[in-house]
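To start, the structure itself, in structure tokens.
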Amino acid sequence: MNRLPRLAAATVGLLAVIAGLLSAAPPALAADASQFDPGNIISDYRFFDGGAMSTEQVQQFLNSKVSQCRAGYTCLKDYRQSTWTRPTDPMCSAYIGQANETAAQIITRVGQVCGVSQRVLLVLLEKEMSLVTDTWPEAWQYEKATGYACPDTAPCDAEFAGFYNQVYKAAWQYKRYSNPPGTSRTYTWFPVGQVSNVRFHPRVECGTSPVLIRNQATAGLYYYTPYQPNATAMSNVYGGQTDGCSSYGNRNFWRLYTDWFGSPTNPVDPIGSVDAITPAPGGITVRGWTLDFDTTDPIAAHVYVDGVGVATRADRARPDVASVYYRPNAALGFSLDVPAAPGAHQVCVFGINVGPGGNSRLGCSTVVVSDGSPFGSVDDVSAVGPTVSVGGWAIDPDTAAAIPVHVYVDGAGYPLQADGARPDVAGVFPSYGTRHGYAASFTLARGPHQICAYAINQGAGRNVLLGCRTVQVTVTGEDLGRSPVGNIDAVTANRNSLTVSGWTLDPDTANGIDVTVSVDGVPSTIRADRSRPDIASAFPGYGGAHGFETTIAAAPGVRNVCVTGINAGTGPNANLGCRSVRVLASDPIGSIDVARGGIGVVEVSGWVATPQVPTPIWAHVYVGTSGLPVLADLPRPDVQAAVAGTGPQTGFQVTVPSATGPVDVCVYAVDPGNSVQSVIGCRRVVVQ
Amino acid sequence: MPPSVDPDPQSAPVQLLDARFDADASAIVVSAVIPDRVAEGSCLLTITSAFGVDGVTAPAVPDASVTYCASVTVPVASASEGPWSFELRYTDDTSSGSIAGTVDSR
């Protein structure tokens, strides 16, 4: 069956008319031609976002575009190809080949290693060969998938033919257009920030018009397809109408991206996030970040409490945000304490616009500032034989210091100080420090007893009843099937491990019992028989051999730790609680294997890695004061064998242009995923 | 890819993209596009001024859908030698073409 070629990058004339007639009707939310700016077809942030879509998201997108593929054809959603390894070069990190990859995998991984948005690659595949939506694609469409070095009038160059080649080469070339460090300054005629005369059509008589090219991504589109649409082409962005000088490649790129993914340009208004709005002593703490794409400088954030504004500047370091939004300046965060009276308050945060656009509301929340009275909890009231234990926590909003708690046993008061470590409470109320726990035990006669705890006010406010419990005191000795009791005293994070300590006992025996510690559901059992004189004094008759402490290896990240006291005889086990803790990563390590000056360049290679972290991290290579982040993803089996827990890819190699003469070369290892970084070293080299 | 706009296989249409005096490099830099060809070719840039004739040959750069004579550069002694006239000639196995113009030092 003969088929018409698909609309290509700059296809004009009759083919374009036919393609236009065949094109689908505009979608419900049609692209608005007035929004097309030939100097800003797509922003750098949208274009060079190599993490724009995951493999699963690309696959779902492809599935959504072709509900049913015609029998006998392989649509893009089902297409597979074995890929081969390509080394790192100045444009792309290494691509590790795999057998029988899906198109979604190839698109995603090429985007990741070359730093080009998967959305851009999907649009390119559709623009050139209609591959995303075609329900009966033929082999030649995959051969020329992105139209790269495959003119309609000549056979495809074998070096570039085939789906994997086409996707990789297109992404590679988009990066090449930026003349990255280590390459020659070849692409200079569409300079960013300057006016260039851009042609309308391959026919020279169609002429040019001046275009202020605002970013590298738009320049790259013009290098790839060096024509802009004229007024006729823009009169209907879904049509193929022509006046003999109409071209469609970059128009169709913009239209497809807009239809599928929304505006391809940056928002003109600030963006940001309110990470937390929490009560603090005497007021409210507001934290978050904001940025405006119209400037690289920090912008203002305004915090309104019940309509009264306070200004601050978003200039705190937030490298996590900067890396996501490709910002050269990481000063994007803000943190502000706002005084507030007791009661409920409406808090709203705005990012203040710079340049075009308006201010953005980043978020609103209602927060209750206490009247000054303390708050807290009675977490535990339990009896073991004649011994009754009570514990909990208390905070007064007027102070971060520990406060008194009075425990009443059958009406008789006992003063305590709530100054025990409670990191779990600090996690919820970070402005108040960590030491707000209280605990006590009492020896009581057999029978029911009422236990009440009061938090004692400091400053404004009043004393507050935290709670009352009734407890039944029974006799010790025989196995009555009672559950163990106990407590997790601490879960502390170490580098690549965590330590859990506490105590537990079974009221039916004075012997130590087993305790199970589960980390993310993986259990390990130890004996709770370490000496705990405090428990011996709190539970007379049971001795002190009821403590436990264990250190468990754990990967960096947030880990959930649960502890269970195991019943020594009959009866249920006891869940002593769960805690979450962030296990710390070791500082990254690495080596500068080579640092040498060449002719106008500096060559640097080596490796960086975080122990126990298998994914590649970043090497930030500074030549003089100019820094370049490089993903250390070159194969280094020697490092993997030598450094525990690292993956196969830890190497880096980069060539950086530099002025002649001596220059200092410094390498930093940066692991944003685990918030650790370290200095690997510095060398002085001489550039020729 | 763009359809053929050149019925004569012996003639390659060369379209000027940029021609300027680069003060930082003290050089004449000329770029041009040859539409509808993705080919290995060469680009000969010849410049003429009151001080004489100079030239350089550079490989053409096959790109996604076209071929570029990309930033072909001829060093000059100083801006005071200008203005310059230039000719950029593209040649590949099957075709050739050229374009001419002038550059001043402003």
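A note on names: the letters A, B, ... follow the listed sequences, proteins ahead of strands, and every chain is numbered from 1. Just so we're clear, the structure is a prediction, and the values are computed from it rather than from any experiment.
Neither the backbone nor the side chain of A/Y174 has a heavy atom closer than 4.5 Å to any heavy atom of chain B. With a 4.5 Å cut-off on non-hydrogen atoms, B/V72 does not touch chain A at all. Only the side chain of A/R199 has a heavy atom closer than 4.5 Å to any heavy atom of chain B.
Residues A/W189 and B/V33 are not in side-chain contact: their nearest non-hydrogen atoms beyond the backbone lie 4.5 Å or more apart. Within the 4.5 Å cutoff, the side chain of B/V61 has no heavy atoms near those of the A/R176 side chain. Residues A/P226 and B/V66 meet the side-chain proximity criterion, which asks for heavy atoms closer than 4.5 Å. At least one side-chain heavy atom of A/Y227 sits less than 4.5 Å from a side-chain heavy atom of B/P35.
Heavy-atom minimum distance, B/D63 versus A/Y224: OD1-CA, 4.2 Å. Pairing each heavy atom of A/H201 with each of B/Q15, the nearest pair is O-OE1, 4.3 Å. Closest heavy-atom contact between A/Y187 and B/S71: N-OG, 4.4 Å.
Separation of atoms CZ (A/F190) and CG (B/D18) is listed at 9.0 Å; rounding is to 0.5 Å.
Relative ring orientation between B/Y68 and A/Y223 is described as perpendicular, the plane-to-plane angle rising above 60° on a 0-90° scale split at 30° and 60°.
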